[in-house]
Amino acid sequence: MFSGSVKIGASLSFLVLIVAYLYKRHADEILQERLRDVLSGLLRAEKKISLESKRVAVGFGACEDIFTNGLNLLHHLNLTSPQEAVHQDLVNTPEELAQLFAFFFESGAAAERYVANASLFEEIVKAGMKGEGYQWAIGGNAAVIARRLAMEGFDVLLGARMGQNALDTISDSVKVIGNSIPRSDIHLIMEYKTNDQWGKFTSPRANRLVLHNDKVNPFLDGMEEFLDKVLTFKPSLLVIGGLQMMDNFPDDKGVRFERLEKLSQFLQKLPRSTLIHFEMASFTEFSLLTEIIHKVIYYCDSLGANEQELPNILQVVQGKNVTLVSDQRPRVATVLDQIRKLYAALGDTSQMNGRRPLTRIHIHTLAFQAILTHPDSAWKNSMSATAKAALTAHRHTCGDHDIDAAKARLIMDGSFALSSQEPKEDINDSSTKNRIYVNNQRPVSCWEESGLLPAHVCVAPVLVCTQILKTAGGGDNISGAGLVLQI
Ligand SMILES: *[C@@H]1O[C@H](CO)[C@@H](O)[C@H](O)[C@H]1NC(C)=O
Ligand SMILES: *[C@@H]1O[C@H](CO)[C@@H](O)[C@H](O)[C@H]1NC(C)=O
Ligand SMILES: *[C@@H]1O[C@H](CO)[C@@H](O)[C@H](O)[C@H]1NC(C)=O
Ligand SMILES: *[C@@H]1O[C@H](CO)[C@@H](O)[C@H](O)[C@H]1NC(C)=O
């Protein structure tokens, strides 16, 4: 009897195992099917529009990116993990580097910081090149976006000064405006993977900390010459990025703000037939970001940002201090709410004084892409552009144009709320009005909104790469890819 019930117990648990196994296999199959549907849906949406080659100008700056494994680099510097993760506006000592790295590593947030100590920076670069498998490539927001646009067949003007090494890697379809210099500014990229361990710190997602000691980029060297050329080049689009190199740059005489004023004067003169896009980045200086909003962003039609940069600029637009880290996996509803607030603040045409209203906002996050446009603006093909941005995110991080569903994962849920704020009126209306169900065959969801300002919004899920080759430069590639289909 005893052994009988043991037997029954054993076969029961065996049965449970089989059912669990079959259930899991079924669930995996459903996931795989959803992944394949979303992939082919995104590819169809991307292909729907054939590209027309246009003229685009991109400023400012370029550098040589050195990609390293962040933890190996710290090891080569003999730096052990600190007691505490502490934010630093800029880096002077090895200890500050350790604390800063721990701070962003622990939250998995991308960041870029100035190393004020030149000899320390030299040491860091040397240690980075000691590590096995470091790579270098031309970098800097402007240069990466320029190359991306050139790859799409556009005719590109790039405002940047760089060394011959870097110049040699730039294709003929990019015309570089700016005299060459003996040595490019170097950006040292400390990459890390999801769940990497440094002492007691663990990274929640793959990302990177970028260090620089720029000499040329912070003052927008060569800006005048570039802007002169833009006037005769008459581009359809001017892209502005790289201004974060000014962040925390020692500048007693206020030269940076003079440079921004000069740029501002130019933007105010530029005919409206040239659209202007601003690419956000990691800013920590409240006064600098405020100045950039007033002098530059007020005269831009479009803004690109990631999930960290969006809350940061929103806070500063609202007169609050900068934010250093935000949720690195925000919900769609949260991001949509932030986009609406930014749009309400910068898209309002009532008190303009010669400003350009913001008519396009593109937000890139790990899990999804979102693009808002004003329905009456010049921006076209939002649905396909959002799909292309989502595909580019995967292609860049996985390092392959062809997407393998086996190396992809969907993080975005099958449906999302349009807002995390409670709908004010009509409590009985629990219908689909406030929630969007993603159609896997047509994975880009687009809809119209009629708030104070009308808006057309598209959201596309990203096929998140599970075998990451690189994260740095992702945002620039993604933003560039989104723009090519919209002009
Ligand atoms: C790290 O320590 C090793 C051995 O103690 C030493 O040879 C090396 O020079 C140190 N590196 C740095 C960057 O201080
Ligand atoms: C700069 O870094 C070096 C280490 O490379 C350090 O010895 C020196 O104290 C640092 N200078 C300052 C001003 O912090
Ligand atoms: C906020 O503002 C204060 C004073 O202006 C400043 O000291 C501080 O570093 C700022 N940044 C953050 C993230 O709080
Ligand atoms: C991103 O841009 C760089 C050029 O700066 C290029 O080498 C890389 O292939 C791009 N990634 C994608 C997915 O296009």
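The structure presented is a predicted model; accordingly, all values stated were derived computationally and were not measured.
No salt bridge links K262 with E258; every basic N to acidic carboxylate O contact stays at or beyond 4.0 Å. Electrostatic pairing of E279 and R148 does not count as a salt bridge here, judged by no charged N lying under 4.0 Å from a carboxylate O. With respect to E224 and R259, a salt bridge is recorded, a charged nitrogen being found less than 4.0 Å from a carboxylate O. A salt bridge links E285 with R256: the distance from a Lys NZ or Arg NE/NH1/NH2 to an Asp or Glu carboxylate oxygen falls below 4.0 Å. Salt bridge present: D337 and R340 bring a charged side-chain N and a carboxylate O closer than 4.0 Å. By the 4.0 Å N-to-carboxylate-O rule, D155 lies too far from R55 to be salt-bridged with it.
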message: For a ring-ring contact (aromatic ring centres under 6.0 Å, His included) check, start with the C-alpha distance between W198 and Y192, then their side-chain angles and the critical distance, and finish with the verdict.
response: CA-CA 10 Å; W198 191 41; Y192 49 86; over 10 Å; no
message: If you apply the rule ring-ring contact (aromatic ring centres under 6.0 Å, His included), what do you find for F219 with F249, and how did you get there?
response: CA-CA 10 Å; F219 293 122; F249 193 79; 5.1 Å; yes
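The aromatic rings of F226 and F60 sit perpendicular to each other, their planes meeting at more than 60°, with 30° as the lower class boundary. Using cut-offs of 30° and 60° for the angle between ring planes, the H187 and H212 rings count as tilted.
Residues L275 and W379 have side chains in contact (heavy-atom distance under 4.5 Å, counting atoms from C-beta outward). Residues H87 and D89 have side chains in contact (heavy-atom distance under 4.5 Å, counting atoms from C-beta outward). The shortest side-chain heavy-atom distance between R147 and D476 does not fall under the 4.5 Å cut-off.
Side-chain contact check for N195 and K193: no donor-acceptor pair (N or O, by modelled atom type) lies under 3.5 Å. Between the side chains of Q197 and T202, at least one donor N or O lies within less than 3.5 Å of an accepting N or O. For the 3.5 Å distance criterion, the side chains of Q32 and D28 fail to qualify, holding no donor opposite an acceptor. N207 and Q328 are not linked by any side-chain donor-acceptor pair at a separation below 3.5 angstrom, with hydrogens and angles left out of the test. No side-chain donor-acceptor contact under 3.5 Å links D247 and S282. A donor atom on one side chain and an acceptor atom on the other are not found under 3.5 Å apart for E309 and N312.
Partners of C300 according to the disulfide (SG to SG under 2.5 Å) rule, which considers only residues two or more places apart in sequence or in another chain, do not exist here.
Side chain of N117 to main chain of L120: a donor-acceptor pair is present (N/O by atom type, distance under 3.5 Å, no hydrogens or angles). At least one donor-acceptor pair under 3.5 Å links the side chain of N381 to the backbone N or O of L485. Judged by distance alone, with hydrogens and angles left aside, the side-chain atoms of S40 form a donor-acceptor pair with the main-chain N or O of R36 at under 3.5 Å. When atom types are taken as modelled, the side chain of D301 and the backbone of I276 share a donor-acceptor pair closer than 3.5 angstrom. Here the side chain of T386 pairs no donor or acceptor atom with the backbone of A370 at under 3.5 angstrom. Side-chain atoms of S184 come within 3.5 Å of backbone atoms of G163 as a donor-acceptor pair (strictly under, hydrogens ignored).
Open room surrounds CD on E84; 12 or fewer heavy atoms of other groups in view lie less than 6.0 Å from it. No more than 12 heavy atoms of other residues, nucleotides or ligands shown are found within 6.0 angstrom of NZ on K48. Counting non-hydrogen atoms of other residues, nucleotides and ligands closer than 6.0 Å to NZ of K54 gives a total above 12. Residue R183 places its CZ atom among 12 or fewer non-hydrogen atoms of other residues, nucleotides or ligands, all under 6.0 Å distant.
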